[in-house]
Amino acid sequence: MMQQTQDKLDELAINTIRTLSIDAIQKANSGHPGTAMDAAPTAYTLWQQFLRYDPKAPHWINRDRFVLSAGHASMLLYSLIHLAGIEADESSYHKKGGEAVSLKDIESFREEGSRCPGHPEHGWTTGVESTTGPLGQGVATSVGMAMAGKWLGETYNKPDFDIFDFNVYALGGEGCMMEGVGSEAASLAGHLKLSNLCWIFDNNNVTIDGHANITFTEDVAKRFDAYGWNVLRVSSANDLGELAAAYNAFLATDDKPTIIIVHSHIGYGSPGKHDTTAAHGEPLGPDEVRRTKEFLGFDPDKVFVVPDGVRQHFTTHMGQRGADARAKWESLFADYAKKHSDEAAQIDLIRDRGLPKGWDSDIPSFAPDPKGIATREASGKTLNAIAAKVPWILGGAADVAGSTKVILDYPDADEFQPYGQLGDYSGHNLRYGIREHAMCAIVNGMTLVGLKAYGSTYLIFTDYARGAIRLSSLMDLPVLYIWSHDSISLGQDGPTHQPIEQMVSLRAIPGMMVIRPADANETAEAYRLVMPLTDRPVSLILSRQPLPIFDRSKLAPASGLAKGAYVLADADGGKPDVILIGTGSEVSLCLEARDLLAKDKIKARVVSMPCRELFDAQDEAYRESVLPSAITARVTVEEASPIGWDRYAGPKGVVLGMHTFGLSAPLKVVSEHFGFTPERVAAAARMALGL
Ligand SMILES: Cc1ncc(C[n+]2csc(CCOP(=O)(O)OP(=O)(O)O)c2C)c(N)n1
Ligand SMILES: [Mg+2]
């Protein structure tokens, strides 16, 4: 009898998720409920019976994470958040307390202001662990979360103190299985033996263009088996017993990640639209909604119904289990803090995105040197000086770590690997392999958990990773990206490796801070500036070739970088005829051009502009002090796409940039070929002056 009531309540809850999704999508007249309907039992079983999540403490650091990688089924997640009674807690959006997703939000699905936007948006809706919608991102991000979980556990757990043992679940469909980024991430997760990671493949055999057999006939099980995953199958999404057995099998697996392939029927419960191409892209329509509700035992004349007992059912199971687990954890953590106060203090800082006192005390300062060093070198030294003081800085590169200088070599930095000769999960050096896109999604995942994570490769290969880089910014994540080999000046690797449009395309991402330091000391200052950031990603753009280290006793201090642009060298008397504006390696070019112009009695000011976004954010008085509007003779110099520089050059200025792809030749030849020489800059200055 008890069991029967239980089963009935489960069915009622699942059908509530389905009907809420149907009604929201029907009212918005946008989207299709098919996936929310077919995957409802899969997600429901996980939340109700397994997920360790306290709806009253959605930011509890040891909570299990659930990522809806099939972001187009967002109503599934919103329904769960609503029914589970997750409390709102998003300070950045001034929403604290009350329901994270109210019935009103569901009724205004996809309307402005609703906590139920078209696709799940992290930071906007509490309970959404990651922004999803671009397929493949969610599953790949979940790998970063699982890596963070392993690192935290290995680093902070002590005998009798399992402070970190959370699991990470991600649910995706054929799309997430097909996308390259998902495959990259799965391959790495298999190598890393992430036993705290469970992907759920909602195998409904349908994608937008129809039956999946028109494009997707591979054996997914065999593929994941080959990756080294534990592969499980559930023959019907509506069999809650089978689902529970699979989740239990995942929990019992301690040496590899798990994928559960769940066979389902899109639009389950909607009699007319099983497995058809029509099952995507549009709401069911009023007649179909009626028939579906009748089939599911709901009143076809009512909308947005949550039957009595459903919320209570969530509270007594998922809610109670989560609350108990968290209460136990809080008391465990209180004991832990008494015995291991340093570690506990670190965990508190991780939770607050803070930095330990003195984190910046060893940031190097570089002596003037006309030959200088590459900014990638300066970056490596600075990164290490900081990381040695901030144990939760971890990162690496997509197989070019030695070259982009991101290897952490302070004592005990160690390698992040599954147990073995190579390292263990407490290491700080992450090896992403040649998987740029997954790298950036993984960095997002680790940052979502609270770690200070970085990723790195050559600037040119950001093209391979853009989907995830964009999400770093969309999620307001303080991710650190270290991109070296910044320009055509990398020389002999030629046009396939010489970035042209990459920098401007990064600058085009709202919120992304792009910094291209001119010398070693600007590089160190860049780190000082960006490490404390909590809500936006940074792209550091670094040179492969040595750049002179400026003599700051004769030039302005590198701390000017904090304003985005500053007067590095002014004209004698402060009344320039012309302003030369450069970034990175081109700043020294501007200084040389300034000397050339001085010979002709032309007074030039040199402005180093490492970060356009920061400069644009300064007040008008400061911007005017650097670029006085009265001085219209200006030259901007950047070995990259000229897009955007006209704003600083002004209508009478000259923009020196790259209008073609690069060239494979030694650096000096490349520079001369494309005219990045002091003489050419000086000539451009004369042109701007009308001489
Ligand atoms: C990267 C990316 N490409 C394309 C889309 C558009 N899109 C949304 S849903 C979908 C089909 C996804 O199929 P599947 O993952 O099987 O989900 P289902 O159709 O079963 O809900 C597509 C192509 C997208 N959201 N992201
Ligand atoms: Mg599908």
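Whatever order the structure lists ligands and atoms in, that order sets their numbers, starting from 1. In this chain, residues are counted from 1 in sequence order.
- Between Gly133 and ligand 1, an N or O atom pair is found at a separation short of 3.5 Å.
- Among the atoms of Glu174, an N, O or S atom falls under 2.8 Å from the Mg ion (ligand 2).
- Using a 4.0 Å cut-off to heavy atoms of Thr207, the atoms of ligand 1 that qualify are 13 (O), 16 (O), 19 (O).
- For Phe166 and Tyr53, the gap between ring centers reaches or exceeds 6.0 Å.
- Between Glu613 and Met512 the shortest heavy-atom distance is CG-O, 3.5 Å.
- Across all their heavy atoms, Thr132 and Pro134 have their closest contact at C-CD, 3.6 Å.
- Any N or O atom pair closer than 3.5 Å counts here, and Asn204 shares at least one such pair with ligand 1.
- For the salt bridge (Lys or Arg N to Asp or Glu O under 4.0 Å) test, no residue two or more places apart in sequence or in another chain qualifies with Asp10.
- Contact annotation: for Glu174 versus ligand 1, heavy atoms closer than 4.0 Å belong to both the backbone and the side chain.
- Of the polar atoms of His72, at least one N or O is found under 3.5 Å from an N or O of ligand 1, judged by distance alone.
- Atoms of ligand 1 found under 4.0 Å from any heavy atom of Gly175, numbered from 1 in the order shown, are 13 (O), 14 (P), 15 (O), 16 (O).
- Taking the six-membered ring for Trp and the full ring otherwise, Phe50 and Tyr169 have centroids separated by 6.0 Å or more.
- Not one N/O/S atom of Ala70, from backbone or side chain, sits under 2.8 Å from the Mg ion (ligand 2).
- Atoms of ligand 1 lying under 4.0 Å from any heavy atom of Thr35, numbered from 1 in the order shown and given with element: 18 (P), 20 (O), 21 (O).
- Residues Trp483 and Tyr458 place their aromatic rings such that the two centres sit no closer than 6.0 Å.
- Assignment of Ala73 to the shell around ligand 1 is not supported, since no heavy atom sits closer than 4.0 Å.
- Of the heavy atoms in Met177, none comes closer than 4.0 Å to ligand 1.
- Using a cut-off of 4.0 Å between Lys/Arg side-chain N and Asp/Glu carboxylate O, Glu218 and Arg223 are scored as salt-bridged.
- An N or O contact shorter than 3.5 Å is missing between Cys176 and ligand 1 by distance.
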**Request:** Output, in order, the C-alpha distance, side-chain angles, deciding distance and verdict of side chain to side chain contact (heavy atoms under 4.5 Å, CB included) for Ser142 and Leu197.
**Result:** CA-CA 8 Å; Ser142 75; Leu197 178 67; 3.5 Å; yes

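- Backbone or side-chain N, O or S atoms of Asn204 reach the Mg ion (ligand 2) at under 2.8 Å.
- Note: an N/O pair closer than 3.5 Å links Leu135 and ligand 1 by distance alone.
- Within the 4.0 Å heavy-atom criterion, the part of Val206 lying near ligand 1 is the backbone and not the side chain.
- Aromatic ring centres of Phe224 and Tyr227 lie closer together than 6.0 Å.
- Under the side-chain hydrogen bond (donor to acceptor under 3.5 Å, both in side chains) rule, Ser264 has a single partner from Thr42, Asn205, Asp202, Asn203, which is Asp202.
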